[in-house]
Amino acid sequence: MKLYCLSGHPTLPCNVLKFKSTTIMLDCGLDVTSTLNFLPLPLVQSPRLSNLPGWSLKDGNAFLDKELKECSGHVFVDSVPEFCLPETELIDLSTVDVILISNYHCMMALPYITEHTGFTGTVYATEPTVQIGRLLPSPLKDAVEVSTWRRCYTMQEVNSALSKIQLVGYSQKIELFGAVQVTPLSSGYALGSSNWIIQSHYEKVSYVSGSSLLTTHPQPMDQASLKNSDVLILTGLTQIPTANPDGMVGEFCSNLALTVRNGGNVLVPCYPSGVIYDLLECLYQYIDSAGLSTVPFYFISPVANSSLEFSQIFAEWLCHNKQSKVYLPEPPFPHAELIQTNKLKHYPSIHGDFSNDFRQPCVVFTGHPSLRFGDVVHFMELWGKSSLNTVIFTEPDFSYLEALAPYQPLAMKCIYCPIDTRLNFIQVSKLLKEVQPLHVVCPEQYTQPPPAQSHRMDLMIDCQPPAMSYRRAEVLALPFKRRYEKIEIMPELADSLVPMEIKPGISLATVSAVLHTKDNKHVLQPPPRPAQAAGKKRKRVSEDVPDCKVLKPLLSGSIPVEQFVQTLEKHGFSDIKVEDTAKGHIVLLQEAETLIQLEEDSTHIICDHDELLRVRLRDLVLKFLQKF
């Protein structure tokens, strides 16, 4: 069993597992943190960005001078952003049989793999993962092409990739070529997010990615099904282990209210799904008590309407408390009431209706969290010059300081309230003690403290035996080998078996059969009888299948030395000497110049050139053994 690591980003994983003649890709995350090295893509021409001075080496380079721009001591690439794709040369991706998706954040590289590598397999994901994942690439596919690695996928490629996905439900068992069975489990992190069990009859691998034990809107995490794993592959832990999500939500609400009361606007760079559902729910409970009932809240995204609707219709994927509201009937999320009362308005873009309805002070939720593309770029340029305004970062995927760098000098206030509900190291330690896998495999970042907090030994995985770690472009041999295989016996063959008890409670029977293997399923069938065939066919069968009558019987049992010596004496042997050895005993027949070695799993009779004596002694040995 081998694991191929195609991505070095622990929360945007892409690994390939080779297990029992199947090749399984675990997630295909796209690392977009490289976009922080680029200038933002404004919706309209920005004089400020256009007039930034060029940067080049001392000896001068006209290309670099046009391509690189300097802003407040930072150098940025002035072109469309480029992304860090998973490794494509470490393994032939056309040999991948299936791709298992854990959540919608971990499928952004899917079109690169399904459309450009010769992949012909199946992709498995839950319905919310597919539908919400369909929404996320919007800013990329509309505005960006990747020049260094590959052009960003088109909408046609997105649809083609999504057409290869087969929808699955929690606890649904999926057979892969008869070799292994895969099962999605609720991970508790997002709508439809999954952990995966990959198991054969005798081995079990658990893939835990992007999981949460907190009580939020998704179904709670299924922990019990992870027990008795031979290997547990662990990825997607929280990126901010020292921050409490509840505390961050409280800071978010208080800073938002403070800014609006002072006449300023609040900008929240966010994804169109996920944490925004929880933020809107908290604001629903907070608005009236904080005196914000007259403040407009705007949600701007090409998929804003779809995202809000999907969150209301995927009732079976929600926690029990929200599921029960559907049958009252009530909307499971309170943002439906915010929309009905016009406290929350959503728009596909800043053009059209939004321009007519827009009034300040207000709160705007829009993307992208990197501040490099999308409508958020316009608001940063519009509000950045006033200290009354505030930008609040809630997504943990990007360094907020690096995100803000091309907008410096910036007058607006910046608040960092990262909300990441994924497992922290304390929760992981508790989880591993409960499910007790034999081996844990994880990215190397989790096996050592963060570089900025090297003294925090609690911010790393602590388990026994120590976790095995991997890094990008590394191939890891997983630490166990398959020892057993399940084989079925045809009823007529089973009926012919005659077990013999060799020890109390233990019976054995010899089997002569033909092993038939198809689709990784093995069946023992009765051997064809030569007498039933005729002509050439009879000759071929008799050559291939040995006659059961000529097979030597199997022997079992042990030879008691004292009784064996007494038997030898009764049959006329004298001058017998017994010596103990490390493996058993040696019986010396000194007069006959013969030696008999009695060991736990074998018996040897050594006599020179006297076949009659050897056969006679053999028959005496066989009296103490069982034949079957």
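If you're wondering where the values come from, they're calculated on a predicted model, not measured in any experiment.
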Visitor: Does the Tyr277 side chain pair with the main chain of Ser307, one donor and one acceptor, at a distance under 3.5 Å?
Guide: yes

Visitor: With no hydrogens and no angle check, just 3.5 Å: does a side-chain donor-acceptor pair link Thr394 and Tyr416?
Guide: no

Visitor: Give me the atom names and distance for the closest heavy-atom approach of Asp397 to Thr33.
Guide: O-CG2, 3.7 Å

Visitor: Crowded around Gln156 CD? As in, over 12 foreign heavy atoms under 6.0 Å?
Guide: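 Atom CD in Gln156 is not packed in, count stays at 12 or less.
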
Visitor: Taking the six-membered ring for Trp and the single ring otherwise, decide whether the centroids of Tyr170 and Trp317 are under 6.0 Å apart.
Guide: yes

Visitor: Taking C-beta and beyond as the side chain, do Val363 and Leu256 meet within less than 4.5 Å on heavy atoms?
Guide: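 Touching, per the 4.5 Å side-chain cut-off.
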
Visitor: Between Arg472 and Glu444, does any side-chain N to carboxylate O distance fall below 4.0 Å?
Guide: no

Visitor: Walk me through it: do Arg456 and Thr242 pass the test side chain to side chain contact (heavy atoms under 4.5 Å, CB included)?
Guide: CA-CA 10 Å; Arg456 294 291 301 271; Thr242 58; 3.9 Å; yes

Visitor: Is the backbone of Pro220 close enough, under 3.5 Å, to the side chain of Ser186 for a donor and an acceptor to pair up by distance?
Guide: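 Yes; at least one donor-acceptor contact below 3.5 Å.
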
Visitor: Could you check if a side-chain atom of Phe83 sits within less than 4.5 angstrom of a side-chain atom of Asp31, using non-hydrogen atoms only?
Guide: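 No, every pair of side-chain atoms sits at 4.5 Å or beyond.
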
Visitor: For Leu423 and Leu213: C-alpha separation, side-chain torsions, deciding distance, then whether side chain to side chain contact (heavy atoms under 4.5 Å, CB included) applies.
Guide: CA-CA 7 Å; Leu423 294 172; Leu213 295 174; 3.5 Å; yes

Visitor: Which heavy atom of Asn103 sits nearest a heavy atom of Ile101, and at what distance?
Guide: O-CG2, 3.5 Å

Visitor: Show the nearest heavy-atom pair for residues Asn195 and Ser209, with the distance to one decimal.
Guide: OD1-N, 2.9 Å

Visitor: In Å and rounded to the nearest 0.5 Å, what is the CH2 to CD distance from Trp55 to Glu67?
Guide: 12.5 Å

Visitor: Go through Phe398 and His368 one step at a time and tell me if the ring-ring contact (aromatic ring centres under 6.0 Å, His included) criterion holds.
Guide: CA-CA 10 Å; Phe398 301 91; His368 186 269; 5.5 Å; yes

Visitor: Give a yes or no answer on whether the side chain of Glu115 reaches the backbone of Val158 with a donor-acceptor pair at less than 3.5 Å.
Guide: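 Absent.
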
Visitor: Under a 3.5 Å cutoff, is there a donor and acceptor pairing between the side chains of Ser187 and Ser194?
Guide: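 No, because no side-chain N or O of Ser187 sits under 3.5 Å from a partner of the opposite role on Ser194.
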
Visitor: Quick one: CG on Leu371 to CG on Leu39, what's the gap to the nearest 0.5 Å?
Guide: 12.5 Å

Visitor: So, does Arg471 use its side chain to make a donor-acceptor pair with the main chain of Gln445 at under 3.5 Å?
Guide: no

Visitor: Of the non-hydrogen atoms in Pro218 and Gly188, which two are nearest, and what is the gap between them?
Guide: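 Where Pro218 meets Gly188 most closely, the heavy atoms are CG-O, 3.8 Å.
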
Visitor: What is the distance from atom OG of Ser102 to atom CG of Leu26, rounded to the nearest 0.5 Å?
Guide: 9.0 Å

Visitor: Do Thr126 and Thr129 pair up side chain to side chain, a donor and an acceptor below 3.5 Å, judged on atom types alone?
Guide: yes

Visitor: Less than 3.5 Å apart, any donor N or O on the side chain of Glu337 or Tyr284 sitting next to an acceptor on the other?
Guide: yes

Visitor: Do Cys253 and Leu283 have side chains that approach each other closer than 4.5 Å (heavy atoms only, starting at C-beta)?
Guide: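 Yes. Closest side-chain heavy atoms under 4.5 Å.
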
Visitor: Compile the donor-acceptor pairs under 3.5 Å between side chains in residues 344-353 and protein atoms, sequence neighbours left out, one pair per line.
Guide:
unit_1, atom_1, unit_2, atom_2, d
Tyr347, OH, Asp357, OD2, 2.9
Ser349, OG, His351, N, 3.3

Visitor: In the structure I gave you, are the side-chain heavy atoms of Met460 and Cys442 within less than 4.5 Å of one another anywhere?
Guide: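 Counting from C-beta outward, Met460 and Cys442 never come under 4.5 Å.
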
Visitor: Between Tyr470 and Val441, does the side chain to side chain contact (heavy atoms under 4.5 Å, CB included) criterion hold? Intermediate values first, please.
Guide: CA-CA 8 Å; Tyr470 59 81; Val441 182; 3.7 Å; yes

Visitor: Going by distance alone, is a donor N or O of one side chain under 3.5 Å from an acceptor N or O of the other, for His74 and Ser72?
Guide: no

Visitor: Ring centroid separation for Phe299 and His335, is it under 6.0 angstrom?
Guide: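 That pair fails the under 6.0 Å test.
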
Visitor: Looking at side-chain heavy atoms only, is the closest gap between Leu410 and Leu404 below 4.5 Å?
Guide: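 Result yes, sub-4.5 Å side-chain heavy-atom pair found.
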
Visitor: Examine distances only and state if a side-chain atom of Lys413 and a backbone atom of Ser387 form a donor-acceptor pair shorter than 3.5 Å.
Guide: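 Present.
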
Visitor: If you apply the rule side chain to side chain contact (heavy atoms under 4.5 Å, CB included), what do you find for Val249 with Ile419, and how did you get there?
Guide: CA-CA 7 Å; Val249 170; Ile419 301 170; 3.7 Å; yes

Visitor: Should Ser386 and Asn389 count as side-chain neighbours, where that means a heavy-atom distance under 4.5 Å?
Guide: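 In contact.
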
Visitor: So do the side chains of Asn15 and Tyr4 get within less than 4.5 Å of each other, counting heavy atoms only?
Guide: no

Visitor: Can you measure from CG (Leu258) to CD (Glu251) and round to the nearest 0.5 angstrom?
Guide: 12.5 Å

Visitor: I'd like to know if the side chain of Gln45 pairs up with that of Ser50 as donor and acceptor (distance under 3.5 Å, no hydrogens or angles considered).
Guide: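 Yes, side-chain donor-acceptor contact under 3.5 Å.
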
Visitor: Would you say Asn424's side chain and Ile426's backbone share a donor-acceptor pair under 3.5 angstrom?
Guide: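 Present.
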
Visitor: Hey, what do you get for CD (Gln131) to OG (Ser273), rounding to the nearest 0.5 Å?
Guide: 12.0 Å

Visitor: Main chain of Ile240, side chain of Asp420: is a donor-acceptor contact present, judged purely on distance under 3.5 Å?
Guide: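 No: the side chain of Asp420 does not pair with the backbone of Ile240.
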
Visitor: Looking at Ser160 and Glu157, would you say the former's side chain and the latter's main chain have a donor-acceptor pair under 3.5 Å?
Guide: no

Visitor: Run the ring-centre check on Phe354 versus Tyr298 and record whether the distance is less than 6.0 Å.
Guide: yes

Visitor: Could you tell me whether a side-chain N or O of Thr390 sits under 3.5 Å from a main-chain N or O of Val266, the two making a donor and an acceptor?
Guide: no

Visitor: Under 3.5 Å, is there a donor-acceptor pair between the side chain of Ser7 and the main chain of Leu12?
Guide: yes

Visitor: Between atom CG of Leu338 and atom NZ of Lys343, what is the distance when rounded to the nearest 0.5 Å?
Guide: 7.0 Å

Visitor: Considering all heavy atoms of both residues, which atom of Thr235 and which atom of Pro10 are nearest to each other, and what is their separation?
Guide: CB-O, 3.7 Å

Visitor: Considering only heavy atoms from C-beta outward, does the side chain of Leu41 approach that of Arg372 to under 4.5 Å?
Guide: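 Not touching, per the 4.5 Å side-chain cut-off.
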
Visitor: Looking at every heavy atom in both Gly236 and Tyr446, which two are closest together, and how far apart are they?
Guide: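 Here Gly236 and Tyr446 meet closest at N-OH, 3.5 Å.
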
